[in-house]
Amino acid sequence: MRKPFYKKSHGCWYVRHNGKDVKLDQDETKAYRIWQRMLDSARAIGDPDISVETLSLRFLAEHKQTLGERAYELLEHYILEFAAHSGTVMAKMVTPATVLAWVKGKTTWGDYCKRDGVNSVRRMYKWAVENEYLVRNPIIKVKTITPVPRHRLVANDQHKALIEKSRVSRPNGREFALYLIASRCGARPAQIRDVTASNYQSFFVDHFVEIAGKQTVVKVEHGMWVFDKHKTAAATGRQLTVYLSPCLQTLTKILMAKRPDGPLFLTVKKHKWTKDSAGKRMRKLRRALGLPEDMILYSYRHTFATNSLLSGNSIAEVAELLGHTSTRMVSQVYGHLDQHKRHLASAALKSAKKQQE
């Protein structure tokens, strides 16, 4: 049920319900109160008039109080998209085919977005039954979507091509180039979008260098981004630390001086990058350069993990750098060593020699 609207010719407020314009009141405040009571009445068990739109509003209103900002934004995005698709259709009339047809029509969504969309709607309907908005769950048998794993890595020459192409692109060329440079640190794209000056911390380590034939102690700064709120915060109960390369450490300080408050990485209009805006920019660059379609921003995180393993770091160390609670994800998802056949051939040769000793 959409919000009330005013009919000037009738001098009264109305609401669209079940395909008809329902008269409310001439006074706007009173009209909205009546509309709210109509929404409240939809709570009755098995109410045949409850629409997907009304159910969505109720579901989001409750979860806005219990979810974090990022989790709620994602949930709201999918639920409102589904409500816009189904609207005044009675919630109990929705079928698994309805849900799958909805995501199938989202041609700009990838498999992961479609999976999250289906799961969000499933979550809403489960909640509706538990809270007695519906007698039964009509989509309980809807099948979730299993995305095809993306194993694409970003090679150095591809990264350089993306940076160069981004810099000459308008309107956010230089700004997105900085975003791509930051992506090489292995952080999740969401952390790069959210990082602020307050997330930066550093510590100093003594290094011995030889100057004029004498050993001298030099203090070297090591910078990092530290996040209290992150994907695995609830599971680990710990902060997430992203260790920065000297280049990214310098870039962070430059941006901190320019933007002491708010996100460090912004668009040319000083807007915060969103998942959609960054994804669209990456897609445009990728297609302009003829790069594989499965190369996405998250590929940089996969690349960081794989390169860390190739450089000799243990799986446990890489898992810690990525902020994972276990090594399983590193082993199954991020360790794309199959794309480095030379390294694997060398490892096999070492194993063979070891067996002959």
Side-chain angles (χ1 to χ4, degrees), residues 74 103-104 106-117 145-195 231 242 244-245 247-248 251 263-269 271-311 318 321-322 329-330 332-345:
L74 287 173
V103 293
K104 185 177 180 180
K106 295 295 182 180
T107 56
T108 60
W109 287 9
D111 287 346
Y112 285 88
C113 287
K114 291 179 180 179
R115 176 202 62 186
D116 293 344
I145 293 175
T146 304
V148 177
R150 286 167 168 164
H151 298 299
R152 181 66 57 185
L153 302 182
V154 184
N156 286 335
D157 59 335
Q158 293 172 329
H159 172 69
K160 291 178 181 178
L162 285 166
I163 294 294
E164 293 174 2
K165 186 66 177 178
S166 181
R167 283 173 174 164
V168 299
S169 301
R170 295 292 182 268
N172 290 301
R174 182 177 180 276
E175 287 72 19
F176 193 67
L178 297 178
Y179 188 108
L180 291 176
I181 291 171
S183 297
R184 301 194 85 185
C185 69
R188 294 185 178 92
Q191 292 161 353
I192 299 171
R193 296 193 297 268
D194 290 347
V195 66
K231 186 176 181 180
V242 177
L244 308 178
S245 65
C247 175
L248 188 51
L251 175 59
L264 297 182
F265 297 94
L266 299 173
T267 68
V268 70
K269 292 184 178 180
H271 295 157
K272 177 183 175 181
W273 286 103
T274 66
K275 181 179 180 180
D276 285 343
S277 62
K280 288 178 181 178
R281 174 62 56 170
M282 179 67 173
R283 182 163 58 250
K284 185 176 180 180
L285 291 174
R286 180 183 66 220
R287 291 176 177 174
L289 293 168
L291 297 176
E293 282 294 306
D294 57 351
M295 183 178 291
I296 58 175
L297 286 169
Y298 218 92
S299 299
Y300 275 98
R301 183 166 162 85
H302 291 209
T303 304
F304 173 86
T306 300
N307 288 341
S308 295
L309 291 171
L310 288 170
S311 65
V318 176
L321 289 173
L322 294 172
M329 288 296 289
V330 177
Q332 295 182 358
V333 180
Y334 294 112
H336 306 303
L337 297 182
D338 58 318
Q339 296 186 35
H340 295 267
K341 292 181 172 57
R342 184 176 299 178
H343 176 84
L344 291 176

Is there side-chain contact between [X] and [Y], with heavy atoms separated by less than 4.5 Å?
X	Y	result
Y179	N172	no
P171	K269	no
E175	V268	yes
D116	W109	no
L162	Y300	yes
L248	R184	no
H302	I296	no
C185	F304	no

Exercise: identify the closest heavy-atom pair between [X] and [Y]:
X	Y	result
L285	S169	CD2-OG, 3.8 Å
R167	I181	NH2-CD1, 4.3 Å
W273	R193	O-CD, 3.2 Å
L180	H159	O-CE1, 3.7 Å
A182	F265	CB-CZ, 3.5 Å
P292	Q158	CD-NE2, 4.3 Å

Hey, could you give me the [atom1]/[atom2] distance between [X] and [Y], rounded to the nearest 0.5 Å?
X	Y	atom1	atom2	result
S183	I192	OG	CD1	3.5 Å
K275	C113	NZ	SG	4.5 Å
L266	F176	CG	CZ	14.0 Å
T303	L310	OG1	CG	10.5 Å

(request) Step through the shown structure and confirm whether more than 12 heavy atoms of other residues, nucleotides or ligands are within 6.0 Å of NZ on K272. (result)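 Check passes, neighbour count above 12.
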(request) For atom NZ of K104, decide whether the heavy atoms of other residues, nucleotides or ligands shown that lie under 6.0 angstrom number more than 12. (result)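 Check fails, neighbour count at 12 or below.
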(request) Output yes when a side-chain donor or acceptor of S299 lies under 3.5 Å from a complementary backbone atom of L153, and no otherwise. (result)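 No.
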(request) State whether the side chain of R301 and the backbone N or O of G186 hold a donor-acceptor pair below 3.5 Å, judged by distance alone. (result)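 Indeed, once roles are kept as given, a pair shorter than 3.5 Å links the two residues.
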(request) Considering only NZ, NE, NH1 and NH2 on the basic side and carboxylate oxygens on the acidic side, decide whether E293 and R283 come within less than 4.0 Å. (result)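 Here E293 does not pair with R283 in a salt bridge, since their nearest N and O are not under 4.0 Å apart.
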